[in-house]
Each structure stands twice: as C-alpha cells, then as structure tokens.
Amino acid sequence: MTDPDGLPVMTTPQIQLKTVHELRTLHSDGHPQRFFIPAYQRGYRWSPLQVTQLLDDIREFTQRPNPQPQEFYCLQPLVIKARPQGDWEVVDGQQRLTSLLLIMRHFNERLAERFRQLSTG
C-alpha cells in the first residue's frame, strides 16, 4: 500500500492469539499452513536443555492446581507476515516454532506407532 506520493504506508499490525492447531491449519480448507524461514534467520540453535525447559514449562502448566477452562498456555510472541505465495514468513520466533513442530512430530509418530501396535494386537 502506498500514499498519494507513492511512498510505502505502514499498516497497523494485527495481534491475534492462535492455538498451535490454528498455526498448523490456518487455511480455511484445513490444509497445513506453510512457514518460510528467510535466509537472514539463524539456523536452529536450541539445545536439548532449552527444549527440556519448554516441555517442563508446558507440563507445569498442565499440572497446575485448580485449572480453569478459560486459562491457556501462551508462548512468547511469534511474529509472522503473509507472503504473496500464500505462506507465512517467520520474522521472529523461528526457534520456538521449529521446536514446537519437532515436538509435535515426535508425539504424532509415537502415537501412530502405538496405534499400529494396538491394531495388530
């Protein structure tokens, strides 16, 4: 978007809370969303300690006394912007997003294996 002089106009950022499921399926057709990590982003650098800390933090939240239905676990912000190709460019939060996707993939594979074992009995 440009002003009458042809200069770029800043748009107001939209801040929205999204569940992990919504991050994975933002398309209205339910297909998984794609994220683009630009070359200027550093490579994945989280150590096992940082992943363990994230998992411990999530576990602590799920085991809190007297949980209320309106409470939810919230990560630090993930900053993304839409790209013309229909995917999202990750501006900030690449380490968290990558870690969450790797954790979910691990658990999905474990659940799939357990289901196969149960169904072959």
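Just so you know, residue 1 is the first one in the sequence shown, and it goes up from there.
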Would you call I80 and L78 a side-chain contact if the rule is heavy atoms closer than 4.5 Å? yes

Could you go through T98 and V90, starting from their C-alpha distance and side-chain angles, then the distance that decides it, and tell me whether this counts as side chain to side chain contact (heavy atoms under 4.5 Å, CB included)? CA-CA 10 Å; T98 301; V90 178; over 6 Å; no

Are any of the side-chain heavy atoms of K81 and W88 separated by less than 4.5 Å? no

List the steps, then state whether salt bridge (charged side-chain N to carboxylate O under 4.0 Å, His left out) holds for R64 with E60. CA-CA 6 Å; R64 69 198 181 287; E60 182 179 310; over 6 Å; no

Would V79 end up clustered with L75 when hydrophobic side chains under 4.5 Å apart are linked, directly or stepwise? no

Decide whether L111 and I103 are clustered together by the hydrophobic rule: side chain heavy atoms of Ile, Leu, Val, Met, Phe, Trp, Tyr closer than 4.5 Å, transitively. no

Hey, is the main chain of N66 close enough, under 3.5 Å, to the side chain of Q68 for a donor-acceptor pair? yes

Determine whether Y44 and Q95 satisfy the following criterion, side chain to side chain contact (heavy atoms under 4.5 Å, CB included), listing intermediate values before the conclusion. CA-CA 6 Å; Y44 185 72; Q95 303 291 310; 3.7 Å; yes

Joint cluster assignment, M104 & F107, ILVMFWY side-chain distance < 4.5 Å: yes

Test side chain to side chain contact (heavy atoms under 4.5 Å, CB included) on E89 and F35 and set out the steps. CA-CA 6 Å; E89 179 178 331; F35 293 93; over 6 Å; no

State, to 0.1 Å, how close F61 and F72 come at their nearest heavy-atom pair, and which atoms those are. CZ-C, 3.2 Å

Linking I/L/V/M/F/W/Y whenever their side-chain heavy atoms sit closer than 4.5 Å, directly or via other members, would I37 and L102 fall into one cluster? yes

Taking 4.0 angstrom as the limit, do R116 and E113 come out as a salt bridge? yes

Quick one: pull up CD in Q53 and OG in S99 and give me the separation to the nearest 0.5 Å. 11.5 Å

First locate atom CZ of R59, then atom OG1 of T62, and finally report the distance between them rounded to the nearest 0.5 Å. 8.0 Å

Distance (rounded to the nearest 0.5 Å) between R105 CZ and L100 CG: 15.0 Å

Counting N and O atoms only, with roles assigned by atom type, does the side chain of Q41 sit under 3.5 Å from a partner on the main chain of P38, one being a donor and the other an acceptor? no

To the nearest 0.5 Å, how far apart are NE2 in H106 and CG in L101? 14.5 Å

So, do Y73 and I58 sit near enough that their side-chain heavy atoms are less than 4.5 Å apart? yes

How far apart are the C-alpha atoms of S47 and Q50, what are their side-chain angles, what is the distance that settles it, and do they pass the side chain to side chain contact (heavy atoms under 4.5 Å, CB included) test? CA-CA 5 Å; S47 69; Q50 289 163 305; 3.5 Å; yes

Do R83 and F36 have side-chain heavy atoms sitting under 4.5 Å apart? yes

Where R96 and D92 come nearest, the two heavy atoms and their spacing: NH2-OD2, 4.0 Å

